[in-house]
Amino acid sequence: MNPNPLILVVEDDPPVRNLITTTLELHNYPFRTAGSGRAALDEVLSHNPSIILLDLGLPDADGVDIIRKIRTWSHMPILVISARTQDEKKIEALDAGADDYLTNPFSVNELLARLRVTQRRLALLQAMPESSEFTNGDLRIDYAAGCAYLAGAEVHLTPLEYKLLCLLARNIGKVLTHHYIIREVWGYGGESNLATLRVFMATLRKKIEPSADSPRYFQTHIGVGYRMLRTE
Ligand code: CA
């Protein structure tokens, strides 16, 4: 069995893609390729690669949006490929959860060095389970579609409500502190605070909890934070 991880190469530029795939082939890395954002997400879901090499300039999608999407359900290492003129984009990609970057043009040696670093990171992550779907009682989250459902009916959530729900779902059973939630959902240095979080939790509850008096999904830990409960 090949000990090397499966790599998904997302690149629409044939010469760059060929350089990468030739290098991977030569060094015995199994790989899949995608030339668009849509194809990349399909590949991630159908083949569950271990590492993604992601070009930020794709014909149908912004690479940063793809990172954000994947990060709602997976910690898989993402190495972005950006042009020298795309410094801001690169920072945006790292902020969105990319692990590392390669600046194009890059050498074969740089690519291999980055892959070795990423493989070491991967070894640390491998204990974490990954899934593209989450279910808990009547609640279901389809991470790839970015939608939540309650007993089969779509729950209409704002992007921040959805992000908050995903964070609680990913950490089901674990109490998350106010501070942690605010940092994860709104980021550092935002205008958000505890009062904002309370408003969002109240809205989320209104949309998801079947009864306001006996919470089934969300538990409040006064002065500490919130937890999603496993209902079955
Ligand atoms: Ca491109």
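Order of appearance sets the numbers: ligands from 1, and atoms from 1 within every ligand.
Of all N/O/S atoms in Asp55, OD2 sits nearest the Ca ion (ligand 1). Atom OD1 is the N/O/S atom of Asp12 found closest to the Ca ion (ligand 1).
Side-chain atoms of Thr220 and Arg205 form a donor-acceptor pair, as typed in the model, at a separation below 3.5 Å.
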Pair Arg216, Glu209 - check salt bridge (Lys or Arg N to Asp or Glu O under 4.0 Å), show working.
CA-CA 6 Å; Arg216 191 173 168 206; Glu209 290 287 12; over 6 Å; no

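Within the coordination shell of the Ca ion (ligand 1), defined by N, O or S atoms under 3.0 Å, Gly57 is present. The Ca ion (ligand 1) does not have Asp13 among its coordinating residues (no N/O/S atom, backbone or side chain, under 3.0 Å).
Asp42 and Arg38 are joined by a salt bridge, as a carboxylate oxygen and a charged side-chain nitrogen come within less than 4.0 angstrom of each other.
In this structure, Pro5 and Ser50 approach most closely via the heavy-atom pair CB-CB, 3.5 Å.
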